[in-house]
**Student:** 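Before I ask anything, let me first share the structure, which is written out below as structure tokens.
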Amino acid sequence: MLNNLFSKSFKRSDWLYLVFIALMTAIASEIKVIPFNGDEFRFGFGSIAFFLLLLIRTPAFLIRTGLITGLTVVCFRLFGDMLNHTDWLVSLKTHSPVFLFYFLFAVGLSFIKIEQYKTSPLLLGAWAAALEFIGNSVEQLARLLLNGVHVTLHEWLILVGVALLRSYFVVGLYSSIIISEHKKQMQEMLSLGSELYAETLYLQKSMDHIEQITASSHDLYRRLKKKELHELSARALLIAQEIHEVKKDSQRIFAGLSKMTNEERNENFFLSDLIDIVVTSNKKYSELLKKNISFHFSIAGDFETNQQIPLLALLNNIVANAVESIKTRGDIVIELFEEGETTNFIIKDSGAGIPNADVSVIFEPGYTTKYSVQGVAATGIGLSHVQEIIRLLDGQIQIDSSGNGTIFRIEIPTEIIRK
């Protein structure tokens, strides 16, 4: 049997993780609670660390992991007793039964195929509690044979209770880690999706322009051909054909981006989730720009939406502009509330504001107040995207820059964005 355990190929990373599990379990097992008389039987944090690490990254060979972990824990305790000048034979009889717990627990997890229960915490906790109780029971029976240590009925009941408590504690901790990681991944994917969505709008506009240029080029070709200007008509036709190829490439890119952004809409989010993502990402953005900006938000109406991508694209664009408009320190306020049949978003900043003469043109493609260190103007397409998104959502946007800073007021029909 031992030959089979070591016969299969094992990657270097697998060995490193196996050693890590064994060492962390051995160390954690020294943090202990001793419920019964003497030091022979103890509830340590070793089993908690062992089970949690197996859940986080399940090794390719569980039985092998249990075998090596059990031996490591025993050796770790023997070494500790030797430092205290304890007779090694007495120490071996005392601590060797713990090997059975880790080995049997790993065998049990391998038998039930732990991976299939990771999404079912109740069943996973029940299986783990049962396996822990079996492992503890066999360990205690071994202590009875080697050391004559008896366990009363009351102590057996404690074993059951501890198995349940410890197993569900680990499963709960693992689930919270997974949920947190999943939420982080979804935020990153949603942010990326909103950026791609904004780019699809820009690409769609470019495709409309390409279509017009193609039509004009082909019309020029026909006119030149009609006048028998063959060389010029041939060039005009070539230009029309080249532009048509650019259009087809753009269509393929547009189709791919549209598919990706539509896939991002499969999961629904609450409006409060979107506000939280916008605030979190722009806090990081302000720190990157070395600005001290305080973010404040109030939510007086919340519901699930299936338009999270366009909403995030427009909110993130406006708030990012607000961050850029503030010189070194300031405030950004985001308000969300329902009023009648509309959902309203208000974004206020304490930045430099927008000149009154520019308010009427800020949504025009190419408008910008931002320049690089070299004096090169930004593309100025952000707010034109915002206006286009709001138009697609049948909404309205108003700007007030008469006082300090700028206020954006956005109204969108609730039925358009409510799931």
**Student:** Applying side-chain hydrogen bond (donor to acceptor under 3.5 Å, both in side chains), can you list everything that pairs with Arg418, at least two apart in sequence or on another chain?
**Tutor:** Glu338
**Student:** Between Glu287 and Lys284, does any NZ, NE, NH1 or NH2 come within less than 4.0 Å of an OD or OE carboxylate oxygen?
**Tutor:** no
**Student:** Closer than 4.0 angstrom, basic N to acidic O: yes or no for Arg143 and Glu139?
**Tutor:** yes
**Student:** State, to 0.1 Å, how close Pro97 and Ala142 come at their nearest heavy-atom pair, and which atoms those are.
**Tutor:** CB-CB, 3.8 Å
**Student:** Mind checking salt bridge (Lys or Arg N to Asp or Glu O under 4.0 Å) for Arg409 and listing every partner two or more places apart, or none if nothing turns up?
**Tutor:** none
**Student:** Please determine if Arg64 and Asp14 form a salt bridge, counting it only when a charged side-chain N lies under 4.0 Å from a carboxylate O.
**Tutor:** no
**Student:** For a ring-ring contact (aromatic ring centres under 6.0 Å, His included) with Phe50, tell me which candidate from Phe45, Phe20, Tyr102 qualifies.
**Tutor:** Tyr102
**Student:** Gln307 and Leu392: side-chain contact (heavy atoms from CB on, under 4.5 Å), yes or no, with the steps?
**Tutor:** CA-CA 11 Å; Gln307 296 295 324; Leu392 292 172; over 6 Å; no
**Student:** With a sphere of 6.0 Å drawn around CZ of Arg57, does it hold more than 12 non-hydrogen atoms of other residues, nucleotides or ligands?
**Tutor:** yes
**Student:** Taking salt bridge (Lys or Arg N to Asp or Glu O under 4.0 Å) as the definition, give me every residue that meets it alongside Glu335, ordered by chain and number, with sequence neighbours left out.
**Tutor:** Lys348
**Student:** Restricting to ring-ring contact (aromatic ring centres under 6.0 Å, His included), what partner residues turn up for Phe76, sequence neighbours left out?
**Tutor:** none
**Student:** Residues two or more places apart in sequence or in another chain: which of them pass side-chain contact (heavy atoms from CB on, under 4.5 Å) with Ile397?
**Tutor:** Ile318, Phe363, Val386, Ile390, Phe408, Ile410
**Student:** Would you find more than 12 non-hydrogen atoms of other residues, nucleotides or ligands less than 6.0 Å from Lys118 atom NZ?
**Tutor:** yes
**Student:** Taking only residues two or more places apart in sequence, or in another chain, which ones meet Phe101 in a ring-ring contact (aromatic ring centres under 6.0 Å, His included)?
**Tutor:** Phe105
